[in-house]
Amino acid sequence: MKRARIGLLTGPVGVGKTTVAERVAGLAHRRGLVCGGLLAPAMMNGCRQKAGIWGHDLLTGQRQILARTDRDLGGPAVGSYSFDTEALGWATGVVERAIGHCDLLIVDEIGKLELWRNAGLAPILPRLAAGEAGRSLVLIRDFLLGELQERLGAVEQIPFEVREGNRGELPRQILERLL
């Protein structure tokens, strides 16, 4: 069995982490690999402003609203986002079911909710640290990277920084390094 390897895709808000991860999944699929886990693309309103966060199951294609900025969904709040507790449970289940059943696990994203409140996708962190996922790509904001690296412990970690100038070639580089 190969030693577990986690790619940590980092960068500031709005730089394109989710878009890069989506392209990595597409490249993997074209190579005949199975990608599982969760993408969390922005939900845009009619004025092209971010109004929330979708959860997208990479194995089934199912989508749910994870968070909104324009109304209270009854769950935890982080900044302007109100999260839906049931949808967060669904998202955690999506990732947990994919662990061990795909060639590349994608986790979009680990953030303040997980690291500072031990909520959201936090239950998967020990499984990632234990190497259960094999190969994975985890999205994390740049200012939280060090904290996540500590939580992941000794598992092999490869950081990737998204910048405007490298978004085109980065998906291929990520896939090559992880596999």
Side-chain angles (χ1 to χ4, degrees), residues 2-29 33-42 53-59 64 66-67 78 81 83 87-163 166-167 170-179:
K2 289 183 180 179
R3 186 169 169 233
R5 183 177 293 158
I6 299 176
L8 299 171
L9 185 57
T10 188
V13 175
V15 74
K17 295 181 294 293
T18 298
T19 301
V20 168
E22 190 172 34
R23 289 178 181 158
V24 170
L27 285 172
H29 180 73
L33 302 172
V34 176
C35 270
L38 185 77
L39 281 175
I53 303 169
W54 284 104
H56 178 209
D57 182 336
L58 287 167
L59 287 175
Q64 287 199 27
L66 300 179
V78 176
Y81 292 94
F83 287 86
L88 288 173
W90 168 82
T92 300
V94 163
V95 176
E96 288 183 328
R97 285 186 298 277
I99 292 174
H101 295 95
C102 59
D103 299 306
L104 178 62
L105 176 74
I106 295 181
V107 181
D108 184 5
E109 74 180 56
I110 300 299
K112 294 178 192 177
L113 188 62
E114 289 77 17
L115 295 175
W116 296 358
R117 295 202 183 162
N118 201 34
L121 300 173
I124 67 152
L125 292 176
R127 295 186 71 187
L128 291 173
E132 291 182 37
R135 299 291 186 256
S136 59
L137 180 64
V138 178
L139 284 65
I140 182 84
R141 299 218 174 134
D142 50 4
F143 69 94
L144 294 170
L145 178 61
E147 193 169 340
L148 178 58
Q149 288 177 307
E150 285 181 32
R151 292 263 192 110
L152 293 174
V155 69
E156 183 181 356
Q157 302 171 35
I158 306 170
F160 299 96
E161 182 183 359
V162 180
R163 296 180 309 277
N166 74 350
R167 288 184 294 212
L170 194 56
R172 183 189 52 74
Q173 293 170 358
I174 290 170
L175 196 56
E176 295 300 322
R177 291 280 312 274
L178 290 181
L179 302 177

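Scope of the values below: all heavy atoms of this structure, side chains included, with no hydrogens, waters or symmetry mates.
Between the side chain of Arg135 and the backbone N or O of Gly7, no donor-acceptor pair lies under 3.5 Å.
In this structure the side chain of Thr19 never reaches within 4.5 angstrom of the side chain of Val162, judged on heavy atoms.
Contact detail for Leu66 and Ala91: the closest heavy-atom pair is CD2-CB, 4.0 Å. In this structure, Gly131 and Ala4 approach most closely via the heavy-atom pair CA-CB, 3.4 Å. For the residue pair Ile6 and Ser136, the shortest heavy atom distance occurs at CG1-OG, 3.3 Å. Trp90 and Gly55 make their closest contact through CH2-O, 3.6 Å (heavy atoms, listed as atom of the first residue, atom of the second, distance). Gly37 and Ala98 get closest at one heavy-atom pair: N-CB, 3.5 Å. Contact record, Ala42 with Trp54: O-CD1, 3.9 Å, taken as the closest heavy-atom pair.
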Would you be so kind as to tabulate the donor-acceptor pairs closer than 3.5 Å made by side chains of residues 172-179, with sequence neighbours excluded?
residue : atom : partner : partner atom : Å
Glu176  : OE2  : Arg31   : NH1          : 2.7
Glu176  : OE2  : Arg31   : NH2          : 2.6

What donor-acceptor contacts under 3.5 angstrom involve side-chain atoms of residues 148-155, with partners at least two apart or in another chain?
residue : atom : partner : partner atom : Å
Arg151  : NH2  : Leu115  : O            : 2.8

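To the nearest 0.5 Å, atom CG of residue Leu113 and atom CG of residue Leu121 are 8.0 Å apart. Note that OG1 of Thr10 is 8.0 Å distant from CG of Leu144, once rounded to the nearest 0.5 Å. Note that CG of Leu139 and CD1 of Ile106 are 8.0 Å apart. Values are rounded to the nearest 0.5 Å. Separating the CG atom in Asp108 from the CG atom in Leu137 is a distance of 9.0 Å, to the nearest 0.5 Å. Within the model, atoms CG of Leu38 and CG of Asp57 stand 7.5 Å from one another, a figure rounded to the nearest 0.5 Å. Leu145 CG to Asp142 CG: the interatomic distance, rounded to the nearest 0.5 Å, is 8.0 Å.
With sequence neighbours excluded, the residues satisfying salt bridge (charged side-chain N to carboxylate O under 4.0 Å, His left out) with Glu109 are Arg141. For Glu156, the salt bridge (charged side-chain N to carboxylate O under 4.0 Å, His left out) partners are Arg3, Arg5, not counting sequence neighbours.
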**OP:** Show your reasoning for whether side chain to side chain contact (heavy atoms under 4.5 Å, CB included) applies to Leu59 and Val34.
**Re:** CA-CA 8 Å; Leu59 287 175; Val34 176; 3.7 Å; yes
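The stretch residues 13-27 participates, sequence neighbours left out, in no salt bridge (Lys or Arg N to Asp or Glu O under 4.0 Å) pair at all. Annotation: side-chain hydrogen bond (donor to acceptor under 3.5 Å, both in side chains) contacts involving residues 91-101, sequence neighbours excluded, are absent.
When the options Leu170, Ile158, Ile140 are evaluated for a side-chain contact (heavy atoms from CB on, under 4.5 Å) with Leu9, the one that passes is Leu170.
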